[in-house]
There are 2 protein chains.
Amino acid sequence: MDKKVVTIYDVAEAANVSMATISRVVNGNANVKEETRKRVLEVIDRLNYRPNAVARGLASKKSTTIGVILPDITDLYYASLAKGIDDVASMYKYNIILTSLQESVGDEEQILNNLLSKQVDGLIYMGKQLSKKLKRTLANSKTPIVLAGSVDKNNETASVNIDFADAVYSVVNQLVQNGHKKIAFVGGSLENPIDGKFRLDGYKKALKKAHINFSSNLVFEAEYSVRAGEAIWDAVKNSGATAAYVTEDLLASGLLNSAMKSGIKVPDDFEIITSNDTILCEVTRPKMSSIEEPLYDIGAVAMRLLTKMMNQEAIDENTIKLPYSIVKRESTR
Amino acid sequence: MDKKVVTIYDVAEAANVSMATISRVVNGNANVKEETRKRVLEVIDRLNYRPNAVARGLASKKSTTIGVILPDITDLYYASLAKGIDDVASMYKYNIILTSLQESVGDEEQILNNLLSKQVDGLIYMGKQLSKKLKRTLANSKTPIVLAGSVDKNNETASVNIDFADAVYSVVNQLVQNGHKKIAFVGGSLENPIDGKFRLDGYKKALKKAHINFSSNLVFEAEYSVRAGEAIWDAVKNSGATAAYVTEDLLASGLLNSAMKSGIKVPDDFEIITSNDTILCEVTRPKMSSIEEPLYDIGAVAMRLLTKMMNQEAIDENTIKLPYSIVKRESTR
DNA sequence: AATAACGTGGAAACCGCTTGCAAAATGTGA
DNA sequence: TCACATTTTGCAAGCGGTTTCCACGTTATT
């Protein structure tokens, strides 16, 4: 029963060297005689010494901790990104402090400050947008940050993504090839630049190429939820659309299920293609075709990029676009 | 442009008081004249002072951080628990360090030590089982821990759960009521006490009550995945079962989809009821009936319990069972 | 008016570890 | 064997706060 926590002093005393030496062996500093190192390691082991990371952090000004900010961990999109981040982080011996963006939007500033006060060595942000104010706070704290699965319109901030516009262009183009003239775009809030700008741009471009006029009647905004998808089906159907590109999987599955229930056969009568290739695509019946965003990889690469920034290594490209692909399942022909 | 980070000294100097006073106002200590407090707060605001949590942690021996250990964040079960934890944690001003149990089992010890070295004030564990060794390490670090959605066979460790056995008893009983004689139990590894002991016990008890002999031919072990569910359908069907209780949603959805594809109508020809009531239940068609485990609440309550333990408050009950309910959707009659 | 009791705020000792610098120990070559 | 180079080690000053112990100026009490 360890009465009290054992510190570096205790180890030093027991090993008959100064604490500096202990510190050196713990940190793998080369300037320690092999014999001493062995002796110290033994003592460490015997005493069950566990360096206090907080004290270490204070002295070294490195916390080996990074902050991860995301909207909702129960959203598979973010969970997948998080997993990639987590795996790479632990590979590099970093810990992750996870914080969710609560409903209350106003406090992003507070969340950030909290994380900075904890002296995180870096940040990964997956929210919709990084406000000017946050950017400023970040800038003069000089804590590196990278966006994962989220974009910065001006490319000022490092980010890892796929080329949303291009991906959407491809799938819509595919639908056009399949003979559709009226293709619905079912997305979340168009305020969000990913949906409202990049994806919508890709959609428009594909239409343009096919000489189909863009009609805002075919653009639908809905919440990302099964229910919203189910609810919006009638409107989509009534718009005359014969196919839909959906920006999120829950929404798509709701839409799909309503369609099937109403007797419309997917993909024969109506094609649907969605965006995130989460496990939901495998669970619906028919299974959903989807743009395959390498979510795990995006997270992993973002984290890797962050490690480079934390080490002040040179970064060749601050906006990384990972290759996407398209997974054909059963909701498209 | 803040050249350097502002410390408590800078604030003290600017406000013309000692650092002790600054510390007092930051920590809401009462022994500060109102006037002084105001002046200090102004200076803090003006200088944009952000207390260094690491230094604070070292001095106060509290990190206001808790460690969360879980198997896989992309599993909606854990993600839901995590969300409950996160919300309550942030309510109480704690940060969460999230760590995943990698494939490599051996290093749970290491993960724990890492977390302890970061001086977490408490831990929430969602793994399968807490090994003796880990318990020992925990014990003499005296860091409080609570299990969320995970059980401790001996009730030594605080935990928050539902009554798995009872819940399964209820649903299987329901299936019996519906006239089924052969009911399959489709679970994950029976090594895991939740499935192999509690749930299976509930299943057996329900059979017993109905004077149905337990047959191990009706018990299926599979991985928690859609694919495994799809793959196991034939075996389940061939066992002669006319209904199944499944312990996890991915598995259930695979089973369901295979059934439907093979022409078996659910619920008319075959009933299925699953366990976690994640969003997957809403995405399949037909939607799946499920035991409704209040995952979010389990997480939230676990975290709340942990805060009490961290504050040394008296705990009335160290094993909390939350009420479950049963959500009837379309996969049961 | 002297004394007691507060309410405030300062001094300084840590918290446990890192690290620059200098001393000690060891090795090297002539 | 001695001077000098090279390893190893120890010393001690922080890192940025918290917190205990005290002192001082006020106000209340008798």
Side-chain angles (χ1 to χ4, degrees), chain A residues 2-41 43-44 47-65 113-114 116-121 141, chain B residues 2-41 43-44 47-65 113-114 116-121 141:
Chain A
D2 311 348
K3 283 215 71 67
K4 53 188 280 290
V5 51
V6 4
T7 75
I8 201 172
Y9 288 96
D10 304 325
V11 180
E13 194 180 332
N16 231 306
V17 291
S18 77
M19 53 181 296
T21 301
I22 309 298
S23 174
R24 289 194 187 95
V25 353
V26 168
N27 292 297
N29 184 312
N31 296 337
V32 182
K33 207 195 305 178
E34 190 50 34
E35 179 199 322
T36 315
R37 176 191 310 284
K38 274 189 92 167
R39 180 158 38 97
V40 169
L41 285 176
V43 175
I44 285 181
L47 264 48
N48 223 295
Y49 168 64
R50 186 194 302 127
N52 180 324
V54 173
R56 244 217 264 223
L58 181 58
S60 68
K61 292 170 167 301
K62 295 205 197 86
S63 61
T64 59
T65 294
N113 274 318
N114 171 246
L116 291 178
S117 82
K118 294 257 164 147
Q119 313 303 114
V120 294
D121 296 334
S141 84
Chain B
D2 309 348
K3 284 216 71 68
K4 52 188 281 294
V5 49
V6 2
T7 75
I8 201 172
Y9 289 95
D10 304 325
V11 180
E13 192 180 333
N16 234 306
V17 290
S18 79
M19 55 181 293
T21 302
I22 308 297
S23 175
R24 290 195 186 95
V25 354
V26 169
N27 292 298
N29 183 309
N31 294 341
V32 182
K33 207 193 307 175
E34 188 50 32
E35 178 198 323
T36 314
R37 175 190 309 284
K38 274 190 90 167
R39 181 155 41 96
V40 169
L41 286 175
V43 175
I44 285 181
L47 263 47
N48 223 295
Y49 168 64
R50 186 194 303 129
N52 179 324
V54 173
R56 244 215 267 222
L58 180 58
S60 68
K61 292 168 169 303
K62 293 202 199 93
S63 62
T64 60
T65 295
N113 274 318
N114 171 245
L116 290 178
S117 82
K118 294 258 164 150
Q119 312 302 114
V120 294
D121 297 334
S141 85

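Naming: A, B, ... by sequence-line order, numbering from 1 per chain. What you are looking at is a predicted structure, and each value in this text was computed from that prediction instead of being measured.
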> Could you say whether A/S60 or B/A20 is positioned toward the 5' end of DNA chain C, judged by the nucleotide with the nearest heavy atom to each?
B/A20
> Which value, rounded to the nearest 0.5 Å, describes the distance between B/N52 atom CG and A/L116 atom CG?
11.0 Å
> Can you tell me how far NZ of B/K118 sits from OG1 of B/T65, rounded to the nearest 0.5 angstrom?
9.5 Å
> Could you work out which one of D/dG10, D/dG16, D/dG17 sits closest to the side chain of B/V5?
D/dG16
> What is the distance from atom CG of B/D121 to atom NZ of B/K61, rounded to the nearest 0.5 Å?
12.0 Å
> Sorted by first residue and then second, give each salt bridge (Lys or Arg N to Asp or Glu O under 4.0 Å) pair with at least one member in residues 26-37 of chain A; sequence neighbours left out.
A/E34-A/R37
> A/N52 has an atom CG; how far is it from atom C1' of D/dC15, in whole Å?
13 Å
> Check B/V6 against B/L47 and note the closest heavy-atom contact, atom names and distance.
CG1-O, 3.5 Å
> Let me confirm one number: the CG-CG distance from A/N48 to B/N113, rounded to the nearest 0.5 Å.
7.0 Å
> If I take atom CE from residue A/M19 and atom CG from residue A/D10, how far apart are they, to the nearest 0.5 angstrom?
10.5 Å
> Name every residue in residues 22-40 of chain A that has at least one heavy atom under 4.0 Å from any atom of DNA chain C, in order of residue number, or write none if there are no such residues.
A/S23, A/R24, A/N27
> Check B/V43 against B/A15 and note the closest heavy-atom contact, atom names and distance.
CG2-CB, 3.8 Å
> Taking only nitrogen or oxygen atoms into account, show me every contact under 3.5 Å that the protein makes with nucleotides 22-24 of chain D, one pair per line with its distance.
none

> Locate the shortest heavy-atom distance separating A/L58 from B/A55; write the atom from each residue and the value.
CD1-CB, 3.7 Å
> What are the bounds, 5' to 3', of the part of DNA chain C that sits under 4.0 Å from heavy atoms of chain B?
C/dT8 to C/dG16
> For A/Q119 and D/dG17, give me the distance from atom CD to atom C1', rounded to whole Å.
11 Å
> Please report the shortest heavy-atom distance between A/S18 and A/A12, naming the atom on each side.
C-CB, 3.8 Å
> Rounded to whole angstroms, how far apart are CE on A/M19 and P on D/dT8?
21 Å
> Closest heavy-atom contact between A/S117 and B/P51?
CB-O, 3.3 Å
> Without decimals, in angstroms, what is the distance between A/I8 CD1 and D/dG10 P?
12 Å
> What pairs of residues pass the side-chain hydrogen bond (donor to acceptor under 3.5 Å, both in side chains) test when at least one of them lies in residues 20-31 of chain A, not counting sequence neighbours?
A/S23-A/N27, A/N27-A/R56
> Please test A/I44 against A/V26 for side-chain contact (heavy atoms from CB on, under 4.5 Å), starting from the C-alpha separation and ending with a verdict.
CA-CA 9 Å; A/I44 285 181; A/V26 168; 3.9 Å; yes
> Within this structure, what is the CG-to-P distance between A/L58 and D/dC15, rounded to whole angstrom?
9 Å
> For the helix from C/dA1-D/dT30 to C/dA30-D/dT1, what is the angle between the axes at its two ends, each from 5 pairs, rounded to 10°?
40°
